[in-house]
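See below for the structure under consideration.
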Amino acid sequence: MEPLSNRKKVLEQKPMNFWERMYLPAVLKGMGVTIKHFFRKKATVSYPEVARPYSKNYRGLHSLKRDEEGRERCTACGLCALSCPAEAITMISAERKKGEEHLYREEKYAAVYEINMLRCIFCGLCEEACPKEAIYLDGPHVPADYLRKDFIYGKDKLVEERFDLHSLR
Amino acid sequence: MEAIFIIEKLVLIVVVFVLTLVIAMYSTLAERKVAGFMQDRKGPDRAGPFGILQPLADGGKFFFKEEIIPAGAHKGLFIAGPTIAIITACISSAVIPWGQSLQIGGRTVELQVADVNVGVLYIFGVIALGVYGIMLGGWASNNKFSLMGAIRAASQSISYEVAMGLSIIALLMVTQTLSLKEIVAQQEGFVNWNIWVQPLGFIIFMTCAFAECNRVPFDLPECETELVGGYHTEYSSMKLGLYMFSEYINMFVSSAVMSTLYFGGYNFPFMYDLGLSQNWITVIGVLVFFLKIFAFIFFFMWIRWTLPRFRYDQLMNLGWKILIPLAIANIVLTGVITLIKDTYW
């Protein structure tokens, strides 16, 4: 049969000669390899002190965004929960009262918004489904915890900090 | 026998004992560090700075683990196994000369616990006893894997002790004495080290020492891939810890023996040309001796993380078909050269 590439190597199975049977040259060669690695730069990242940077398109913890006036963007349409393949998102909507216009952008908002981080597969479909650009997976990874209930993240953990644009100017 | 002599020896024994244990303890950390460094990792560095508290943490963990003695095991022998292993490991360092002698208040204090005039034989005897610990432990466990490991340990020790003894005979033909103290005293300076007269004997001796310590590449008694844990499969808690510990103590002692027999022990180059007093020469000598020991311990670890384990038939081939004929050839060669030297010079 015609060979597919020219990389084929025929291994010779000849008996070992005297030097090879002494093992010592091979042992010394191997020791040379290991001692080279001994002085090489270490690949270890000492994690809690040194954190490796996330890649640009890393999908981590979700955050619920605010608009430029600091109002929550989410209108509780439920598309994120619908698109979620792991069914990790639940929400209860509520109507905006008079005098709450500075808190919520639309007339309807999410009174309860919960993501179960143990169910979430960080696929980013909620991000894609959101018509209001209200949810992004731009956080770090989910930290460890002891109880299952502590992995259900509510609005207290998800909604991003209020950000005062005017203070920048 | 004066009281002060006994106190002096007791102090020396305690110091040597504590040193042995501490060095064995930190060998476990060093082993993991060396392993890490050779695999481009950092090794344990969480417990204390650079992980120096790691051995303490490991020891503490061993003490708090559940102690299991299997129902089918012979209880007495099961406990005797690790006991014998650790005792023989500890007593073998008794005849090693750690340094010359100190002058303290007009008294000459020898830095050697016992100057037995058959020191080499004593070490051999104790090493030969060491295999009983492994044998008994493996046999008393009432477990096929343990028994296989124990049988391997026994046959390996017996095979390699022959070659080891033969390589030592060639050395003794050169030194003309069995006393370790005199052997070291003969290797004054640098050019008189026995490694220059017995290079082949040293290689054979070192290979056998690796085998006697059950170190990689000769660690078939505890071959994980075939025998679960080998002779200590059924052991848990501090009894397992003692087995591990005795392995590291053996490594320390055989490093000491190798540097005593072949690398001049406490001797260092130009020791009498620097115009130092006797006490200073002794102190520096002890430090040099420990430096040599640590170098050997590092070498043990270096080999461990370089070479894969031998197959069992390869082990036996190496022992019986290569090392023993080589050792005998070495004896003949040494004899011929000594004869020629004595006749014509």
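Lettering follows sequence order; numbering is per chain, from 1.
Surrounding CZ of B/Phe50 are at most 12 heavy atoms belonging to other residues, nucleotides or ligands under 6.0 Å away. For A/Glu100, the CD atom counts as densely surrounded, since its 6.0 Å shell holds more than 12 non-hydrogen atoms of other residues, nucleotides or ligands. The local environment of CG in A/Leu28 is crowded, with over 12 non-hydrogen atoms from other residues, nucleotides or ligands closer than 6.0 Å. Heavy-atom contacts from other residues, nucleotides or ligands closer than 6.0 Å to CD of A/Glu12 number 12 or fewer. The environment of CD in A/Glu87 is sparse: at most 12 heavy-atom neighbours from other residues, nucleotides or ligands sit within 6.0 Å.
Shown here are the ring-ring contact (aromatic ring centres under 6.0 Å, His included) partners of A/Phe122, two or more places apart in sequence or in another chain: A/His62.
Heavy-atom distances place the side chain of A/Leu24, and not its backbone, under 4.5 Å from chain B.
A distance-only check finds no donor-acceptor pair linking the side chain of B/Trp305 to the backbone of A/Thr34 [under 3.5 Å].
Counting heavy-atom pairs closer than 4.5 Å to chain A, the top residue among B/Val34, B/Ile322, B/Ile203 is B/Val34.
Ring geometry for B/Phe298 versus A/Phe38: interplanar angle over 60°, hence perpendicular rather than tilted (30 to 60°).
Closest of all the heavy-atom pairs between A/Ser46 and B/Asp45 is OG-OD2, 4.3 Å. Shown here for A/Met31 and B/Thr306, the closest heavy-atom pair between the two residues is N-CG2, 3.5 Å.
Distance check: B/Gln39 CD to A/Lys42 NZ gives 10.0 Å after rounding to the nearest 0.5 Å. If you take CZ on B/Phe37 and OG1 on A/Thr44, they are separated by 8.5 Å, rounding to the nearest 0.5 Å.
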